[in-house]
Amino acid sequence: MAALPVPALIPAPDIIAAVSTPPGRGGIGVVRVSGRDLRLLAEKVVGSMPKPRYATLSHFLDEDGQVIDQGIALYFPAPHSYTGEDVLEFQGHGGPIVMSLLLASCISAGARLAEPGEFTLRAFFNDKLDLAQAESVADLIDAGTREAARSALRSLNGEFSSLIHEIVSGLTDLRMIVEAWLDFPEEDIDVLAQPHIDERLGDIRGRLDEVFLSARRGSLLREGVSVVLVGKPNVGKSSLLNQLTGEEAAIVTEVPGTTRDTIERPIEIKGVPMHVVDTAGLRETEDLIESIGIERTRSAIEKAALALVVLDCREGLAQEDRLIIESLPANLQRVYVYNKIDLMDHALPAWNGPTSSGETEIYVSAKTGAGMEALRDAVLDLAGWNLESGGGVFMARQRHLVALSEATGHLTHADDLAGSGKPLELLAEELRLAQIALSSITGEFTADDLLGEIFSRFCIGK
């Protein structure tokens, strides 16, 4: 979807309207209207202006005064509304024809059709929400797991923004001290002593590191983790996929090369969404169809964030396995999953943990399910999800991570400059750039084209 044009980002005095409930049939449908002075529109659509914040049983009229439907009319006067403007909501029967007629009546009464995300955009411009909170509205709607919904709600309630504001406030205080010394070098500003600067910078960086860690975890809830199953034929990749998904997602036989194509399934591990891809076994083959599947396997590996390297525990790490491992991207995180422990004569540990080389080995049975819980925990751990502190995570987007990373870089440079004997102007500039990066998260410093891109991705009616 194309971004909203920059002129459309400027709040206008016109009235907007849209159906705010999903397309299709339902017991209730809602048409939302926002703008300045909605009295005339209300009189045309329901006969009079409803009493503020009271549900009023009304007949909904078309432009000729004919009854379209009967339902509830609600009026929220500015500034105590979602958008900060006067808002009307007409709640009628949720048939598509009824909603279409009711929306047409609002438009004929003076409204225009709202752009995607325009209600929330107006809420942003009217200081009802900051930018991080506005984005969390869409994240809450799109949440695919319970934990994702909870994290989006924490962001919507302002937890993320509050932490950013605290860090920006600390930066502002430190900048004030540095700028005062630059402007009045002849004054005796004792608080500019080196230990004081180091202490303040250290405190700000510590808080920023904590926020960055929570933001990365929140990003996992929003984006999910791409996990690919790789290994030679007949080591149990498809059986492992079936165990992870809890369904017969892949055909399982004793015949090597049964899986000829990639099979992708969404799963959820303790609230974190995962996209698991079963792949064709990697080997040399002259079978045309199987070779196409192997090419798709390599493509899936390039896109993955984590690989489960499936091995037959009875064979250990064979030469064929080593060749597959060597072909994987060097930066691809991996878990070595030794499968088929149910066929072993002696017991093996469920999780050896990191090996001496830092690799993670898990022993499982994709047939019986033994070791699967340890595998799930290992996947979460490598993905960056803290099993102990997941409850305090807030939703975050890629642009938030970029801004936090930029701020961290500037504060690292500032720390290097403090006490280095270099001009204080350089320190002041790094602090200023860090503050701008952080302020872009909540929208204090944000380009219009970025706003257009963000709000164009909202659904119409929100």
Side-chain angles (χ1 to χ4, degrees), residues 1-4 6 9 117 120-121 124 129-140 142-143 148 151-152 154-156 158-172 175 201 204-226 272-273 275 302-306 331-333 383-386 392-416 429-458:
M1 182 179 295
L4 289 170
V6 172
L9 296 174
T120 306
L121 178 66
F124 168 70
L129 301 168
D130 65 31
L131 192 54
Q133 290 175 295
E135 290 170 300
S136 68
V137 172
D139 292 334
L140 184 58
D142 294 336
S151 297
R154 280 191 282 270
S155 292
L156 179 58
E159 289 188 25
F160 184 23
S161 301
S162 177
L163 292 171
I164 295 298
H165 285 307
E166 287 178 8
I167 298 173
V168 169
S169 177
L171 272 173
T172 302
R175 286 187 63 201
L201 268 176
I204 292 170
R205 290 186 63 185
R207 285 186 289 169
L208 181 57
D209 288 343
E210 292 176 2
V211 172
F212 204 169
L213 183 59
S214 290
R216 280 199 294 263
R217 294 174 189 146
S219 181
L220 291 179
L221 293 176
R222 185 175 187 276
E223 305 294 340
V225 182
S226 178
V272 180
H275 312 288
E302 291 294 330
K303 299 174 183 177
L306 175 64
N331 62 344
L332 178 62
Q333 294 192 97
W385 182 259
N386 187 304
V393 171
F394 43 78
M395 193 64 77
R397 297 186 170 206
Q398 185 61 34
R399 79 169 192 90
H400 302 152
L401 298 182
V402 171
L404 290 168
S405 179
E406 289 179 358
T408 299
H410 290 304
L411 288 181
T412 300
H413 292 155
D415 205 17
D416 294 338
E429 179 64 8
E430 292 296 342
L431 296 177
R432 185 185 72 86
L433 292 174
Q435 183 172 346
I436 289 176
L438 290 173
S439 295
S440 71
I441 293 174
T442 53
E444 280 87 348
F445 296 98
T446 306
D448 281 347
D449 55 351
L450 175 60
L451 292 180
E453 179 67 23
I454 289 171
F455 286 100
S456 69
R457 297 180 184 275
F458 279 54

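Predicted model only: the values in this text are computed from it and were never measured.
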When rounded to the nearest 0.5 angstrom, what is the spacing between [atom1] in [X] and [atom2] in [Y]?
X	Y	atom1	atom2	result
E430	T412	CD	OG1	9.5 Å
S214	M395	OG	CE	13.0 Å
S439	H165	OG	NE2	8.0 Å
R154	L140	CZ	CG	11.5 Å

Listed partners of [X] passing salt bridge (charged side-chain N to carboxylate O under 4.0 Å, His left out), at least two apart:
X	answer
R216	none
E210	none
D139	R222, R397

Can you name the residues that form a side-chain hydrogen bond (donor to acceptor under 3.5 Å, both in side chains) with S169, not counting sequence neighbours?
->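 Here no residue qualifies.
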Sequence-distant partners of H275, side-chain hydrogen bond (donor to acceptor under 3.5 Å, both in side chains), two or more places apart |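 So H275 forms no side-chain hydrogen bond (donor to acceptor under 3.5 Å, both in side chains) with any residue.
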Do you know which two heavy atoms are closest between F124 and T442, and how far apart they sit?
->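 The answer is CE1-O, 4.1 Å.
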Where is the tightest heavy-atom contact between A396 and A215, given as atom of each residue plus distance?
->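 Closest approach of A396 to A215: CB-O, 3.3 Å.
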Hey, mind stepping through V137 and Q133 against side chain to side chain contact (heavy atoms under 4.5 Å, CB included) and telling me if it holds?
-> CA-CA 7 Å; V137 172; Q133 290 175 295; over 6 Å; no
Give me the one residue out of L208, L438, D416 that meets side chain to side chain contact (heavy atoms under 4.5 Å, CB included) with L411.
->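 Only one of L208, L438, D416 forms a side chain to side chain contact (heavy atoms under 4.5 Å, CB included) with L411, namely L208.
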Distance-only, no hydrogens or angles: does the [X] side chain make a donor-acceptor pair with backbone N or O of [Y] under 3.5 Å?
X	Y	result
T172	V168	yes
S440	A437	yes
R205	T408	no

Report yes if the side chains of D130 and I441 come closer than 4.5 Å at any heavy-atom pair, otherwise no.
->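 They are not in side-chain contact.
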R399 side chain reached by L131 side chain, heavy atoms, under 4.5 Å =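 Yes - at least one pair of side-chain heavy atoms lies under 4.5 Å apart.
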Side chain to side chain contact (heavy atoms under 4.5 Å, CB included) evaluation trace for I167 with I204 = CA-CA 6 Å; I167 298 173; I204 292 170; 3.9 Å; yes
Apply side chain to side chain contact (heavy atoms under 4.5 Å, CB included) to R175 and list each qualifying residue two or more places apart in sequence or on a separate chain.
->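 R175: side chain to side chain contact (heavy atoms under 4.5 Å, CB included) contacts with E179, L431, R432, Q435.
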Can you list the steps and then say if L433 with H413 is a side chain to side chain contact (heavy atoms under 4.5 Å, CB included)?
-> CA-CA 11 Å; L433 292 174; H413 292 155; over 6 Å; no
